[in-house]
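Below you'll find the structure, written out as C-alpha coordinates, and then a few comments.
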Amino acid sequence: MTALDLRSLSGAAIGFSARIRAVACLLLFAALPLNAPAVQAENIIPDFNLLTEDWKPYHYVEDGKVKGQTVDLLLGILEEIGSSQGREDIVFLPWARAYRQAQTEPNTILFSTGRTENREKLFKWAGPILKFDSYFIGKKKRNFSIETSEDLHQYKVGVVIDGASAALAKRHGIPQENTTFNSEGVLNVKMLAADRIDFIPIQWKNFERLAIEAGIDPLQFEPVFLANTISLNFAFHLDTPDWVVREFQTALDDVLARPGHDDGSSPSDLN
(Lines give C-alpha, C1' and ligand atoms only; values in the text may rest on other atoms or scores of the structure.)
Protein backbone atom coordinates (compact mmCIF):
# COMPACT_ATOMS: atom_id res chain seq x y z
CA MET A 1 0.00 0.00 0.00
CA THR A 2 1.44 3.32 -1.05
CA ALA A 3 1.75 6.44 1.12
CA LEU A 4 -1.04 8.00 -0.95
CA ASP A 5 -3.30 5.05 -0.17
CA LEU A 6 -2.52 5.37 3.53
CA ARG A 7 -3.36 9.05 3.51
CA SER A 8 -6.64 8.37 1.70
CA LEU A 9 -7.55 5.64 4.19
CA SER A 10 -6.66 7.87 7.14
CA GLY A 11 -8.75 10.75 5.71
CA ALA A 12 -11.71 8.44 5.22
CA ALA A 13 -11.41 7.20 8.82
CA ILE A 14 -11.30 10.74 10.16
CA GLY A 15 -14.32 11.71 8.09
CA PHE A 16 -16.24 8.66 9.31
CA SER A 17 -15.30 9.46 12.93
CA ALA A 18 -16.49 13.06 12.53
CA ARG A 19 -19.79 11.84 11.12
CA ILE A 20 -20.21 9.47 14.07
CA ARG A 21 -19.60 12.34 16.53
CA ALA A 22 -22.09 14.57 14.72
CA VAL A 23 -24.75 11.87 14.81
CA ALA A 24 -24.06 11.28 18.51
CA CYS A 25 -24.49 14.99 19.25
CA LEU A 26 -27.77 15.09 17.35
CA LEU A 27 -29.03 12.08 19.31
CA LEU A 28 -27.98 13.74 22.58
CA PHE A 29 -29.82 16.97 21.79
CA ALA A 30 -32.86 15.01 20.65
CA ALA A 31 -32.95 13.26 24.02
CA LEU A 32 -33.08 16.55 25.92
CA PRO A 33 -36.49 18.02 26.91
CA LEU A 34 -37.66 20.67 24.46
CA ASN A 35 -37.92 23.20 27.29
CA ALA A 36 -34.47 22.55 28.80
CA PRO A 37 -32.98 25.98 27.89
CA ALA A 38 -36.12 27.77 29.18
CA VAL A 39 -35.99 25.91 32.49
CA GLN A 40 -32.40 26.97 32.98
CA ALA A 41 -33.29 30.60 32.29
CA GLU A 42 -36.29 30.50 34.59
CA ASN A 43 -34.10 29.40 37.50
CA ILE A 44 -32.30 32.73 37.54
CA ILE A 45 -33.56 34.96 40.36
CA PRO A 46 -34.58 38.31 38.83
CA ASP A 47 -33.58 41.71 40.11
CA PHE A 48 -36.54 43.12 42.03
CA ASN A 49 -37.97 46.60 42.36
CA LEU A 50 -37.86 46.78 46.15
CA LEU A 51 -40.43 49.34 47.30
CA THR A 52 -41.28 50.48 50.81
CA GLU A 53 -42.17 53.56 52.86
CA ASP A 54 -40.64 55.33 55.84
CA TRP A 55 -41.77 53.23 58.80
CA LYS A 56 -39.56 53.16 61.88
CA PRO A 57 -38.34 50.77 63.29
CA TYR A 58 -39.05 48.47 60.34
CA HIS A 59 -37.77 50.37 57.29
CA TYR A 60 -36.43 53.90 57.39
CA VAL A 61 -33.48 56.07 56.36
CA GLU A 62 -31.15 57.46 58.99
CA ASP A 63 -27.96 59.41 58.27
CA GLY A 64 -28.37 58.49 54.61
CA LYS A 65 -28.47 54.74 55.31
CA VAL A 66 -31.39 52.38 54.87
CA LYS A 67 -32.10 50.68 58.20
CA GLY A 68 -34.74 48.68 60.03
CA GLN A 69 -35.72 45.25 61.27
CA THR A 70 -37.60 44.27 58.11
CA VAL A 71 -34.77 45.66 55.97
CA ASP A 72 -32.34 43.33 57.76
CA LEU A 73 -34.77 40.46 57.25
CA LEU A 74 -35.05 41.25 53.54
CA LEU A 75 -31.27 41.42 53.13
CA GLY A 76 -30.96 38.01 54.76
CA ILE A 77 -33.55 36.60 52.36
CA LEU A 78 -31.84 38.10 49.30
CA GLU A 79 -28.52 36.59 50.38
CA GLU A 80 -30.20 33.23 50.98
CA ILE A 81 -31.67 33.09 47.44
CA GLY A 82 -28.41 34.14 45.81
CA SER A 83 -29.39 37.67 44.87
CA SER A 84 -26.73 40.37 44.63
CA GLN A 85 -29.17 43.15 45.57
CA GLY A 86 -28.70 45.12 48.79
CA ARG A 87 -29.66 48.20 50.79
CA GLU A 88 -28.91 50.53 47.90
CA ASP A 89 -31.66 48.87 45.83
CA ILE A 90 -34.47 49.67 48.30
CA VAL A 91 -36.62 52.60 47.15
CA PHE A 92 -38.73 54.68 49.55
CA LEU A 93 -41.99 56.12 48.19
CA PRO A 94 -45.25 57.47 49.61
CA TRP A 95 -47.43 54.47 50.41
CA ALA A 96 -50.20 55.10 47.87
CA ARG A 97 -47.68 55.48 45.03
CA ALA A 98 -45.70 52.38 46.03
CA TYR A 99 -48.94 50.42 46.37
CA ARG A 100 -50.04 51.30 42.83
CA GLN A 101 -46.59 50.70 41.37
CA ALA A 102 -46.41 47.23 42.91
CA GLN A 103 -49.53 46.32 40.94
CA THR A 104 -48.29 47.65 37.59
CA GLU A 105 -44.54 46.94 37.42
CA PRO A 106 -43.35 43.30 37.08
CA ASN A 107 -40.71 41.97 39.48
CA THR A 108 -41.81 44.41 42.17
CA ILE A 109 -41.90 43.59 45.89
CA LEU A 110 -43.79 45.89 48.28
CA PHE A 111 -43.13 45.65 52.01
CA SER A 112 -44.31 45.55 54.70
CA THR A 113 -47.84 44.99 53.41
CA GLY A 114 -50.90 44.11 55.45
CA ARG A 115 -52.49 41.00 53.92
CA THR A 116 -56.15 41.95 53.94
CA GLU A 117 -59.10 40.31 52.22
CA ASN A 118 -59.50 42.96 49.53
CA ARG A 119 -55.77 42.77 48.69
CA GLU A 120 -55.53 38.99 48.54
CA LYS A 121 -55.90 38.68 44.75
CA LEU A 122 -53.96 41.84 43.92
CA PHE A 123 -50.57 40.32 44.78
CA LYS A 124 -48.69 37.11 45.39
CA TRP A 125 -47.50 36.79 48.97
CA ALA A 126 -44.59 35.66 51.12
CA GLY A 127 -44.87 35.82 54.88
CA PRO A 128 -45.99 36.52 57.42
CA ILE A 129 -43.26 38.74 58.78
CA LEU A 130 -45.35 39.20 61.93
CA LYS A 131 -48.97 39.42 63.11
CA PHE A 132 -50.80 41.80 65.41
CA ASP A 133 -54.22 43.18 66.33
CA SER A 134 -55.79 46.43 65.13
CA TYR A 135 -58.64 48.22 66.89
CA PHE A 136 -61.12 51.00 66.35
CA ILE A 137 -59.62 53.60 68.68
CA GLY A 138 -61.64 56.45 70.15
CA LYS A 139 -61.61 58.95 73.02
CA LYS A 140 -61.90 57.52 76.53
CA LYS A 141 -64.19 60.29 77.78
CA ARG A 142 -66.87 59.37 75.26
CA ASN A 143 -67.41 55.96 76.90
CA PHE A 144 -68.27 54.16 73.68
CA SER A 145 -70.21 50.91 73.89
CA ILE A 146 -69.51 48.96 70.69
CA GLU A 147 -70.52 45.31 70.57
CA THR A 148 -70.88 44.64 66.82
CA SER A 149 -69.70 46.14 63.54
CA GLU A 150 -73.17 47.58 63.01
CA ASP A 151 -72.74 49.70 66.14
CA LEU A 152 -69.89 51.52 64.36
CA HIS A 153 -71.94 52.55 61.32
CA GLN A 154 -73.34 55.69 62.94
CA TYR A 155 -69.87 57.10 63.61
CA LYS A 156 -67.27 58.87 61.46
CA VAL A 157 -64.10 56.86 60.81
CA GLY A 158 -60.74 58.18 59.57
CA VAL A 159 -58.53 56.03 57.31
CA VAL A 160 -55.39 56.25 55.13
CA ILE A 161 -55.88 56.20 51.36
CA ASP A 162 -55.19 52.66 50.04
CA GLY A 163 -54.13 51.69 53.57
CA ALA A 164 -55.11 48.70 55.68
CA SER A 165 -57.22 51.08 57.79
CA ALA A 166 -59.37 51.77 54.72
CA ALA A 167 -59.75 48.04 54.15
CA LEU A 168 -60.75 47.55 57.79
CA ALA A 169 -63.41 50.28 57.60
CA LYS A 170 -64.82 48.64 54.49
CA ARG A 171 -64.65 45.19 56.09
CA HIS A 172 -66.81 46.41 58.98
CA GLY A 173 -69.28 48.08 56.64
CA ILE A 174 -68.59 51.72 57.54
CA PRO A 175 -70.73 53.78 55.14
CA GLN A 176 -68.79 55.73 52.52
CA GLU A 177 -70.31 59.00 53.71
CA ASN A 178 -68.96 58.33 57.22
CA THR A 179 -65.43 57.53 56.01
CA THR A 180 -62.77 60.26 55.91
CA PHE A 181 -59.72 59.57 53.72
CA ASN A 182 -56.32 61.12 54.45
CA SER A 183 -52.88 60.64 52.92
CA GLU A 184 -51.17 60.20 56.31
CA GLY A 185 -52.14 58.53 59.56
CA VAL A 186 -51.08 61.53 61.65
CA LEU A 187 -53.83 63.61 59.99
CA ASN A 188 -56.42 61.11 61.22
CA VAL A 189 -55.05 61.37 64.74
CA LYS A 190 -55.34 65.15 64.68
CA MET A 191 -58.92 64.91 63.42
CA LEU A 192 -59.75 62.41 66.16
CA ALA A 193 -58.35 64.73 68.82
CA ALA A 194 -60.43 67.59 67.39
CA ASP A 195 -63.62 65.47 67.41
CA ARG A 196 -63.90 65.72 63.64
CA ILE A 197 -63.98 61.92 63.47
CA ASP A 198 -64.92 59.33 66.08
CA PHE A 199 -62.64 56.34 65.37
CA ILE A 200 -59.47 55.23 63.64
CA PRO A 201 -58.95 51.52 62.85
CA ILE A 202 -55.28 51.15 63.73
CA GLN A 203 -52.75 49.19 65.77
CA TRP A 204 -52.25 50.74 69.21
CA LYS A 205 -48.47 51.15 68.98
CA ASN A 206 -48.91 52.94 65.69
CA PHE A 207 -51.57 55.22 67.15
CA GLU A 208 -49.42 55.98 70.18
CA ARG A 209 -46.44 56.95 68.04
CA LEU A 210 -48.52 59.14 65.72
CA ALA A 211 -50.20 60.88 68.65
CA ILE A 212 -46.85 61.74 70.23
CA GLU A 213 -45.63 62.95 66.83
CA ALA A 214 -48.68 65.26 66.67
CA GLY A 215 -48.16 66.53 70.22
CA ILE A 216 -51.28 64.74 71.47
CA ASP A 217 -51.51 62.68 74.66
CA PRO A 218 -52.30 59.08 73.59
CA LEU A 219 -53.65 58.29 77.06
CA GLN A 220 -56.77 60.29 76.20
CA PHE A 221 -57.71 57.42 73.86
CA GLU A 222 -58.34 53.69 74.06
CA PRO A 223 -58.94 50.61 71.90
CA VAL A 224 -62.73 50.24 71.71
CA PHE A 225 -63.46 47.41 69.27
CA LEU A 226 -61.25 44.75 67.63
CA ALA A 227 -60.93 45.56 63.93
CA ASN A 228 -58.86 42.59 62.82
CA THR A 229 -55.76 40.49 63.34
CA ILE A 230 -53.46 41.44 60.50
CA SER A 231 -50.29 39.87 59.15
CA LEU A 232 -47.50 41.85 57.53
CA ASN A 233 -46.02 40.33 54.39
CA PHE A 234 -43.93 40.83 51.27
CA ALA A 235 -46.34 41.53 48.37
CA PHE A 236 -45.24 40.52 44.84
CA HIS A 237 -46.51 41.73 41.47
CA LEU A 238 -48.93 39.14 40.08
CA ASP A 239 -46.67 38.30 37.12
CA THR A 240 -43.92 37.08 39.44
CA PRO A 241 -43.31 33.36 38.72
CA ASP A 242 -44.63 31.06 41.44
CA TRP A 243 -41.25 29.37 41.82
CA VAL A 244 -39.66 32.74 42.67
CA VAL A 245 -42.22 33.38 45.41
CA ARG A 246 -41.67 29.84 46.76
CA GLU A 247 -37.89 30.38 46.86
CA PHE A 248 -38.44 33.67 48.68
CA GLN A 249 -40.86 32.06 51.17
CA THR A 250 -38.42 29.23 51.92
CA ALA A 251 -35.62 31.73 52.51
CA LEU A 252 -37.91 33.84 54.72
CA ASP A 253 -38.79 30.82 56.85
CA ASP A 254 -35.11 29.91 57.16
CA VAL A 255 -34.08 33.42 58.23
CA LEU A 256 -36.93 33.71 60.74
CA ALA A 257 -35.93 30.36 62.25
CA ARG A 258 -32.36 31.43 62.96
CA PRO A 259 -31.48 31.75 66.66
CA GLY A 260 -31.60 35.30 67.95
CA HIS A 261 -33.74 36.67 65.14
CA ASP A 262 -35.77 39.73 66.20
CA ASP A 263 -39.34 39.11 65.05
CA GLY A 264 -40.38 42.71 65.70
CA SER A 265 -43.44 41.69 67.69
CA SER A 266 -44.50 45.25 68.50
CA PRO A 267 -45.00 47.04 65.19
CA SER A 268 -45.42 50.78 65.31
CA ASP A 269 -47.33 51.33 62.10
CA LEU A 270 -49.31 49.64 59.38
CA ASN A 271 -50.59 50.54 55.98
Side-chain angles (χ1 to χ4, degrees), residues 52-59 68-70 95-96 98-99 110-120 122-123 125 127-140 142 144-176 178-193 196-214 216 218-235 263-271:
T52 190
E53 64 166 345
D54 185 16
W55 174 9
K56 197 171 184 177
Y58 293 92
H59 22 85
Q69 296 171 11
T70 306
W95 177 258
Y99 184 76
L110 176 64
F111 67 100
S112 299
T113 311
R115 188 170 181 173
T116 57
E117 184 177 354
N118 69 315
R119 292 175 176 174
E120 184 65 31
L122 298 179
F123 304 98
W125 301 90
I129 301 169
L130 55 91
K131 294 182 178 181
F132 59 91
D133 293 331
S134 291
Y135 296 87
F136 283 86
I137 292 176
K139 278 189 174 180
K140 285 181 180 179
R142 297 189 60 180
F144 290 108
S145 179
I146 306 295
E147 296 182 0
T148 68
S149 295
E150 287 73 17
D151 295 334
L152 293 164
H153 295 177
Q154 60 183 303
Y155 297 106
K156 296 184 183 299
V157 176
V159 302
V160 174
I161 299 169
D162 287 333
S165 55
L168 290 174
K170 184 176 180 180
R171 181 174 185 264
H172 286 272
I174 306 301
Q176 186 78 9
N178 283 349
T179 306
T180 297
F181 293 87
N182 280 304
S183 59
E184 300 177 26
V186 69
L187 298 177
N188 287 322
V189 174
K190 291 178 179 179
M191 291 184 70
L192 186 65
R196 295 175 59 191
I197 58 176
D198 303 300
F199 291 108
I200 304 173
I202 194 171
Q203 196 265 347
W204 175 256
K205 287 290 185 181
N206 175 23
F207 177 82
E208 189 175 48
R209 180 184 67 85
L210 292 174
I212 293 172
E213 178 183 329
I216 297 168
L219 297 180
Q220 297 178 31
F221 307 86
E222 64 181 352
V224 176
F225 185 76
L226 180 66
N228 197 17
T229 299
I230 297 177
S231 66
L232 294 182
N233 296 261
F234 294 98
D263 65 359
S265 58
S266 297
S268 63
D269 200 357
L270 175 66
N271 283 302

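Hydrogens, waters and symmetry mates are skipped; everything else that's a heavy atom, side chains included, is used.
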Subject >> Atom CD of E150 with >12 non-hydrogen neighbours under 6.0 angstrom >> reply: yes
Subject >> Heavy-atom closest pair, residues W204 and P218 >> reply: CH2-O, 3.4 Å
**OP:** Would you check if the side chain of K139 reaches a backbone N or O of D198 as a donor-acceptor pair within less than 3.5 Å?
**Re:** no
Subject >> Donor-acceptor under 3.5 Å (K140 side chain, L219 main chain) >> reply: yes
**OP:** Starting at CG of D151, measure out to CD1 of I146 and round the result to the nearest 0.5 Å.
**Re:** 5.0 Å
Original post:
Would one find more than 12 heavy atoms of other residues, nucleotides or ligands at under 6.0 Å from atom CD of E117?
Top reply: no
Original post:
Between W95 (side chain) and E53 (backbone), is there a donor-acceptor pair under 3.5 Å?
Top reply: no
Subject >> Closest non-hydrogen atom pair, H172 against F225 >> reply: CE1-CE2, 3.8 Å
Original post:
For H153, does its backbone N or O pair with a side-chain atom of N178 as donor and acceptor, under 3.5 Å?
Top reply: yes
**OP:** Apply salt bridge (Lys or Arg N to Asp or Glu O under 4.0 Å) to E213 and list each qualifying residue two or more places apart in sequence or on a separate chain.
**Re:** R209
**OP:** Without swapping roles, check the side chain of R119 against the backbone of G114 for a donor-acceptor pair under 3.5 Å.
**Re:** yes
Original post:
What closest approach, in Å, do K131 and P128 show between heavy atoms, and which atom pair accounts for it?
Top reply: CE-CG, 3.9 Å
Subject >> For Q176, side chain to side chain donor-acceptor pair (under 3.5 Å) partners two or more places apart >> reply: none
Original post:
About how many Å separate CD1 of I174 and CD of Q154, when rounded to the nearest 0.5 Å?
Top reply: 10.0 Å
**OP:** Kindly assign one of parallel, tilted or perpendicular to the pair Y58 and W55, based on the angle between their ring planes and the thresholds 30° and 60°.
**Re:** tilted
Original post:
Who passes ring-ring contact (aromatic ring centres under 6.0 Å, His included) against F144, sequence neighbours left out?
Top reply: Y155, F199
Original post:
Any idea which heavy atoms bring S183 and V160 closest together, and the distance?
Top reply: O-CG1, 3.9 Å
Subject >> Any donor-acceptor N/O pair, E184 side chain to V186 backbone, under 3.5 Å >> reply: no
Subject >> Heavy-atom closest pair, residues R115 and E120 >> reply: NH2-OE2, 2.7 Å
Original post:
So do the side chains of Y99 and I161 get within less than 4.5 Å of each other, counting heavy atoms only?
Top reply: no
Original post:
Where does the angle between the aromatic ring planes of F234 and F111 fall among parallel (under 30°), tilted (30 to 60°) and perpendicular (over 60°)?
Top reply: tilted
Original post:
So how far is it from L130 CG to T70 OG1, rounded to the nearest 0.5 Å?
Top reply: 6.5 Å
**OP:** Grab the two heavy atoms, one from I137 and one from P223, that are nearest each other, plus how far apart they are.
**Re:** CG1-CA, 4.0 Å
Original post:
At what distance, to the nearest 0.5 angstrom, does CD1 of I202 lie from CG of L192?
Top reply: 9.5 Å
Original post:
What do you reckon, is CZ of R142 surrounded by more than 12 foreign heavy atoms closer than 6.0 Å?
Top reply: yes
Subject >> Any donor-acceptor N/O pair, N233 side chain to S231 backbone, under 3.5 Å >> reply: yes
Original post:
What distance do T113 atom OG1 and I230 atom CD1 have between them, rounded to the nearest 0.5 Å?
Top reply: 12.0 Å
**OP:** Please round to the nearest 0.5 Å and tell me the distance separating atom CG of L152 and atom CG of L168.
**Re:** 11.0 Å
Original post:
Any side-chain heavy-atom pair from R171 and T116 closer than 4.5 angstrom?
Top reply: no
